[in-house]
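As the structure is a computational prediction, the values presented were derived from the model and not from experiment. These values consider heavy atoms only, across backbone and side chains, with no hydrogens, waters or symmetry-generated copies. Counting starts at 1 for both ligands and their atoms, in listed order.
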Amino acid sequence: MRASRYNISTTKETPADAEIVSHQLLLRAGFIRKLASGIYTWLPIGLRVLHKIEHLVREEMNASGALEVMLPVIQPAELWRESGRWSQYDDGLLLRINDRHDREFCFGPTHEEVITDLARSELHSHRQLPVNFYQIQTKFRDETRPRFGVLRAREFLMKDAYSFHMDVDSLRQTYDLMHQTYSRILGRMGLDFRPVLADTGSIGGSASMEFHVLADSGEDRIAFSSGGRYAANVEMAEAVSPPADEEELSAMADFHTPGIGTIEQLSRFASVAPEKTIKTLIVKGSQTPLVALAIRGDHQLNPLKAEKLAEIAAPLTLASEADIRQVCGCGPGSIGVVGLPIPVIADRSAAARRNFICGANRDGYHLRNVNWGRDCQIQAVYDLRDIEQGDASPDGDGEILIKRGIEVGHIFQLGDKYSKAMNATVLDDSGKAVVMSMGCYGMGVSRLVGAIIEQKHDDKGMIWPLNLAPFHVVIIPINPKNVEAVDETVEAVYGELSARGVEVLIDDREGRPGPKFADAELIGIPYRIVIGERGLAGNVVEVTRRDSGETRDLPVADAVDEICQTIAKA
Ligand code: ATP
Ligand code: MG
C-alpha cells in the first residue's frame, strides 16, 4: 500500500473534546471521525484494526463451536412487549422508531428477544441442543453520557452470543467454555485483563462475569484480594463487617455545629476521624414512604446493593428536601438516627460502631456518643456500602486492592428469563415441552480498539501488537537526490515482504522524513524500515521496532527474513 494513495490524515494537535488517550490518538491518527455525539465513522486505517479484532474474535468463537448468524438491527416492538422490556429497558437507552404505518420498532441495543424468537421457531427437539449462536453486529444505545470516543459510544460494534440448553448443567458447560474463549481472545490481543464477578442486575441469582482490561482511565472499579483469588466489580463486591467496637458506652450529648453540613466539615470541626461518624440518607421506601440508611461517614453508599433490598424502592431515589424537613425536622446536613419516625436500615460497618457522632435532627446540632440499642433502633442490617481499598477480602484471603478497568466483555447465565416469557421450548426425549435455559455472552469489539490503545501507547502514539496492527511494516525512503538504487531497494523490499504475506505501507508522500517518522509512531506500526543512500552504501537498511524503540542496521535479506519470522510467530 502506498501512503500517497491511502488517505492518511493525521494531526499533531490534541482535539479539545477528547478527554482520554485512546480517543485523542484515534482522532489524531485518523482512525475515526465523529459524525454526531457517540456516533463515529471508521476511516480506512482504523477499519483495518477493527476488522482484525473482529477476525480474531470470530476465529475463537468458531473454534468454540459457536455458530455465526446475522440478526436484524431493527427489531419490532412486539417482541420487546413479550419479554416485558419495552417499558422496562434501562433509562431510555432504547432508540424507538416508527415506520410509515406507524408500527413501532427499536434499533437493537442487544438481541435477547430476537434470538429467543429465532430459537422458538428453529429449535424443536432436545437433540438440537446445546447450541450457541453469535453475531458481530452494530448496536445502538442512547447512552446518557456518550464519551471517551469508542469506549462509550451510542452506535458501536458488539459480538453477542446466545446459547440454548436443556438444563442448567449444560448451560454451565457452555458458560465455562465462553469464559475460556474470552480469556483466549484477550490473551491473544496481549492485554492485561481480569475476569471479575459481576452484578447480575435485576435478573438476580444466576452467575455473571465481566472481563476487564486494566487501565487507569477505566470507568469501573475492580476489587482484588491481595491473596489473589478474589476479583469483583466494586458495584457488587461484598463489603465484610469489621469487628464490632468494644469500648464502654459514654453518655450521649448534643453539641452546636453551626454551618456544618458535610462529613468532612464535621470531622474537622469535632476533631474525630470520619469513620467515627455516621451519615444518614433518607430514601424512598417500598413498604413505607421513606427509609433512613445509616452508613459510616468514610464509606460510600452502594446504590445497586440498596435498591435490591425489599424495603427500598428501585431505582434508588433520595427524598426531597421538603420530605426531609417534614420527617426529620431539619435540613439534609443535620439528619441523624436518633428519634427518627421512619425505619432505620444500617450498613454492617455502621452497625458495628459505638459512641459515634451523627446529626441531631435539629439544624446546626450534632450528637456525640450515640449508641445503637440504647439511643436509637436499627430495623435491619445489610451490606450497603462500596468495598474499599484495605478492607478484608470477602474470601478471607488478605486485603482488598482497588484498580480501574474497562469492561470489554460480559458473560451471563440468563436461565429462563427470556425463554419462559417468550415460551421458547423444545421437546425432551419423552415428548414433553421443556423451557430452554439460556446464556448470553457480549464482547465490545469497537470498545476493544480503545481499550487496547489505553494499555498500549506512549507519548508518541499507539503501539499495536503485530497481530492487530493496521500494517506490519512501514518503509520510509530517504531519497532527496533521487538515487535509483534507493527506489529499487524500496520496491524490492516491498515486493518481497508483500509476497511473503506481510502488510507493508510505503510512505511515498512528498515531504521531509521527520513528519513521516512521527506519523509511523502515531499510527503505531510495529516495524519501520528506513532505506537511504547512506545505508545502501554499506549494504544495509535501518530497522526500528515501535514497541522497544530498538534500531539496527541490517542487510536487506536479513531484515526481510527477521520480520517475516516474527510475524509468523505472532
Ligand atoms: P457498560 O456497563 O459499560 O455500560 P453494559 O454492561 O451495559 O456496559 P453489556 O450489555 O454487557 O454492556 O454489553 C456487552 C459489551 O458491549 C460490554 O461488555 C462492552 O464491552 C460493550 N458495550 C456496551 N455498551 C457500550 C457502549 N456504549 N460503547 C461501546 N461498547 C459498549
Ligand atoms: Mg455488562
Quick one: do Gln135 and Asp160 satisfy side chain to side chain donor-acceptor pair (under 3.5 Å)? Show the steps, please. CA-CA 6 Å; Gln135 64 170 343; Asp160 46 332; 3.2 Å; yes

Within-shell test, Leu151 vs ligand 1, heavy atom, strictly < 4.0 Å: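 True for this residue.
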
Just to check, does Ser446 reach to within less than 4.0 Å of ligand 1 when the distance is taken from its heavy atoms?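 Heavy atoms of Ser446 never come under 4.0 Å of ligand 1.
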
When you compare the side chain of Cys106 with that of Arg85, does any pair of heavy atoms fall below 4.5 Å?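 No, their side chains stay 4.5 Å or more apart.
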
Is there a side chain to side chain donor-acceptor pair (under 3.5 Å) between His165 and Gln173? Walk through the geometry before answering. CA-CA 10 Å; His165 310 267; Gln173 280 175 22; over 6 Å; no

Nearest 10°: the angle subtended at the Mg ion (ligand 2) by Glu407 OE2 and His410 ND1?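 The angle at the Mg ion (ligand 2) comes to 110°, rounded to the nearest 10°.
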
Which of the numbered atoms in ligand 1 are under 4.0 angstrom from any heavy atom belonging to [X]?
X      : value
Met158 : 13 (O), 14 (C), 16 (O)
Val150 : 29 (C)
Val408 : 18 (O), 20 (O)
Glu143 : 24 (N), 26 (C), 27 (N)
Ala153 : 26 (C), 27 (N), 28 (N)

From CA spacing to verdict: side chain to side chain donor-acceptor pair (under 3.5 Å), Thr10, Asp519: CA-CA 7 Å; Thr10 53; Asp519 275 359; 2.8 Å; yes

Do any N or O atoms from the side chain of Arg48 and from the backbone of Pro470 form a donor-acceptor pair under 3.5 angstrom?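 Here the side-chain-to-backbone pair exists.
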
Can you tell which part of [X] has a heavy atom less than 4.0 Å from ligand 1: side chain, backbone, both or neither?
X      : answer
Glu210 : neither
Glu407 : both
Asp220 : neither
Arg447 : side chain

Describe, in one word, how the ring planes of Tyr175 and Tyr441 are oriented to each other, choosing from parallel (under 30°), tilted (30 to 60°) and perpendicular (over 60°).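 Ring orientation, 0 to 90° scale: tilted.
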
Validate the cation-pi geometry between Arg447 and Phe156: distance from NZ or CZ to the six-membered ring centre under 6.0 Å, angle to the ring axis within 45°.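 No, Arg447 does not lie over the aromatic ring of Phe156.
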
For Phe224, is the NZ or CZ atom of Lys403 found under 6.0 angstrom from the centre of its six-membered ring and inside 45 degrees of the ring axis?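 Output yes; distance and angle both within limits.
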
Contact flag Glu210/the Mg ion (ligand 2), N/O/S atoms, threshold under 2.8 Å: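 False for Glu210.
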
Using the rule side-chain hydrogen bond (donor to acceptor under 3.5 Å, both in side chains), only one of Lys159, Arg188, Gln180, His55 pairs with Glu60; which is it?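 That would be Arg188.
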
Does ligand 1 come near enough to His410 that some N or O of the ligand is less than 3.5 Å from an N or O of the residue?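 Yes, since at least one N or O of His410 sits under 3.5 Å from an N or O of ligand 1.
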
Using a 3.5 Å cut-off on N or O atoms only, is Gly444 in polar contact with ligand 1?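 Yes; at least one N/O pair falls below 3.5 Å.
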
To which of Glu112, Arg141, Arg152, Lys139 does the heavy atom nearest atom 7 (O) of ligand 1 belong?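 Checking each option, the heavy atom nearest atom 7 (O) of ligand 1 is found in Arg141.
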
Between Tyr418 and Asp117, does a side chain to side chain donor-acceptor pair (under 3.5 Å) hold up when you go through it step by step? CA-CA 9 Å; Tyr418 297 92; Asp117 179 59; over 6 Å; no

